[in-house]
Amino acid sequence: MVKVNLHPSVYEWIEEMAKITKPDKIVWIDGSEEEKQRLIKEALETGELMELNQEKLPGCYLHRTHPSDVARVEDRTFICTPTKEEAGPTNNWMDPNEAYKMLYSLFDGSMRGRTMYVVPYLMGPVGSPYSKVGIELTDSIYVVLNLRIMARIGDVALKALGNSPDFVKGLHSKANLDPEKRYICHFPQDNTIMSVNSGYGGNVILSKKCFALRIASYLGKKEGWLAEHMLIVGVEDPSGNVTYIAGAFPSACGKTNLAMLIPPEPLKKLGYKVWTVGDDIAWMRIGEDGRLWAINPEAGFFGVAPGTSYKTNPNAMETIKRNTIYTNVLLKEDGTVWWEGMDGEPPERGIDWLGRPWTRDSGEKGAHPNARFTAPASQCPSISKEWENPKGVPISAIIFGGRRAKVAPLVYEAFDWQHGVYVGATMASETTAAAMGKVGVVRRDPMAMLPFCGYNMADYFAHWLEMGKKIPNPPKIFHVNWFRQDENGNFIWPGFGENLRVLKWIIERCEGKVSAKETPIGYVPYVDDLYLDGLDIDKETVEKLLEIDKELWLKEAEDSREFLSQFGDRLPRELVEENEKLKQRLSK
Ligand code: OXD
Ligand code: MN
């Protein structure tokens, strides 16, 4: 291990946690290759990992979670702030003292007979002033190996921390995976996260949702920056100019696909290229030039496997060919993996995500709908050469989006930052399998942060409005919807790579190259300004995609108002104003 004079509080905290959890052993993780091999060997012996076909999938392993532990548990996720108001009406809240008391009793002896791994990790590029350090204590090798992909772990993180006491404390124990005693608790005031009785990625890879969104959003408010559930993508035009876009979409709405988009043939021929900076999280600050600059705090992708294919996301398929951990996918007879929506014929048989023999005629799913791959970002063929730039990349446009069968047009642009914040605050989507609960219900998910905001969302909206006043050169804000359906329930827009056509319009708007039609909800493209060459879609259909149904929108505005009313007096009046202005424009 690297010799770093760590702050005494690091050792004190680890000692204190070990006293409670009582592991047999404590092992510091250094991030070396030798250590990785040792951990894999151990995990193979205990069955925590299964080796896949090392010729076809070198460095790849399979993990199965407990059947009751397959997604994030929002109803068991808590923000433990001194008062309930600080957590706000959209978070579960627990009094910090009570939460600590309960958690310490659940953690009591939870690592007996096990090893406690001490995993220092760095969020953000090495040498970036915007990067932050966390330490996760965990009794799961699966977590250590996932963290190894998702963050920069070990010595590099300790060096970044140096003698500072400023790190995010994370304690995780699988305990006995009891779903009734599963808790994911955040203490923003203490820079602390505690997760117990789960082994599912989103609940236990504490760097990701817990730190990089919930804790970081709180830090962002305090320190004047933004931690967002956003992909970051660079679009290179034929002249070689790259425009960076950050996009917030709720879980499983295709953020990874958009971040790794492959240009459709006609745009490729023109010279367009797309570069991936991040697929899930963006930390954004105001740069010296007065623009908003973003880093991807993560180092890997924890993507949804089902639906990922050479048709939907060839770059992801290439990324996950090696050094990848697969979770809850189907195991094929040749030691490779499969999931619903993969290219080609389904295999005849295999072992399903539950570890049971499976046949393609069984009518059962082979992979869990929220099965995942964990893969290093560096392996992505479209990874941007700027992805580890300590300064980040300058953001020209922010896009919000969701799955909407109706209402939202393919794309529209907000009138200004304040209106854009309203658009983000009222965005909605039909739910998917990434979180426990019903699938297909419309839920409002402000900025795609509903499950990830570490404090009162009304204050979060106020922070966004405040940031808008401070950014001399703010990005333009847009809303997109790739998922509009016709009367028969078919998707109208082809989506995937073709979405670049929409990004092209967005970029041209940012550059002031195209005009747009002013509608009550914002600026919408003139059909002729959308590049549709080589696309099998007629102008009438595109007109339909851009249509604003005033009646539906009035209902939408009412529904948004009701949603916002839960924040009471704390809601910034600017958002009420925007809601009223929208209704007025619609009623004209
Ligand atoms: C994710 C999610 O895993 O948003 O990224 O659920
Ligand atoms: Mn996500």
Side-chain angles (χ1 to χ4, degrees), residues 63 65 69-77 90 123 142-143 146-147 149-151 184 186 195 198-217 226-233 246-260 276-283 294 296-308 313 316 319-320 324-329 339 367-375 377 380 399-403 424 427-439 443 445-454:
H63 173 79
T65 64
D69 189 24
V70 291
R72 285 185 289 101
V73 280
E74 292 178 8
D75 58 328
R76 309 200 68 91
T77 298
T90 59
M123 298 306 285
Y142 170 74
V143 169
N146 269 278
L147 270 171
I149 298 171
M150 296 307 297
I184 324 297
H186 305 71
S195 163
S198 175
Y200 167 75
N203 299 326
V204 299
I205 305 169
L206 301 184
S207 61
K208 195 175 181 58
K209 303 302 185 183
C210 301
F211 177 172
L213 290 177
R214 297 195 190 98
I215 296 289
S217 61
L226 294 166
E228 299 299 327
H229 192 200
M230 288 183 182
L231 66 95
I232 310 166
V233 70
F249 297 76
S251 307
C253 280
K255 278 209 308 293
T256 305
N257 293 351
L258 187 62
M260 298 181 191
T276 310
V277 179
D279 81 325
D280 197 42
I281 299 175
W283 285 359
N296 169 12
E298 301 192 283
F301 307 124
F302 182 63
V304 179
T308 305
N313 194 339
T319 307
I320 60 181
T324 296
I325 300 172
Y326 291 98
T327 303
N328 293 341
V329 298
W339 46 77
H368 186 273
N370 192 34
R372 298 277 176 152
F373 53 76
T374 319
C380 180
I399 56 182
F400 295 121
R403 278 173 190 271
M427 68 186 249
S429 194
E430 284 136 28
T431 49
T432 69
M436 296 285 204
K438 260 201 188 152
V439 172
R443 93 163 173 176
D445 186 353
M447 280 88 166
M449 283 289 279
L450 188 69
F452 307 121
C453 187

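Just so you know, ligand 1 is whichever comes first in the structure, and atom 1 is the first atom listed for that ligand. Hydrogens, waters and symmetry mates play no part in the numbers below; they use all other heavy atoms, side chains included.
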Angle subtended at the Mn ion (ligand 2) by His229 NE2 and Asp280 OD1, rounded to 10 degrees: 90°
Which is it for Lys255 and ligand 1 at heavy atoms under 4.0 Å: side chain, backbone, both or neither? neither
Report yes if some heavy atom in the side chain of [X] is under 4.5 Å from a heavy atom in the side chain of [Y]; otherwise report no.
X: Thr77; Y: Arg72; result: no
X: Val304; Y: Arg372; result: yes
X: Glu298; Y: Trp283; result: no
X: Asp279; Y: Lys255; result: no

Which atoms from ligand 1 have a heavy atom of [X] less than 4.0 Å away?
X: Arg372; answer: 1 (C), 3 (O), 6 (O)
X: Ser251; answer: 2 (C), 4 (O), 6 (O)
X: Asp280; answer: 5 (O)
X: His229; answer: 4 (O)

Please report the shortest heavy-atom distance between Leu258 and Leu231, naming the atom on each side.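 Taking Leu258 first and Leu231 second, the nearest heavy atoms are CD2-CD2, 3.8 Å.
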What pair of heavy atoms forms the shortest contact from Ala212 to Ala227, and how long is it?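 Scanning both residues, the minimum pair turns out to be O-CB, 3.7 Å.
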Could you tell me whether the Mn ion (ligand 2) has an N, O or S atom of Lys209 under 2.8 Å away? yes
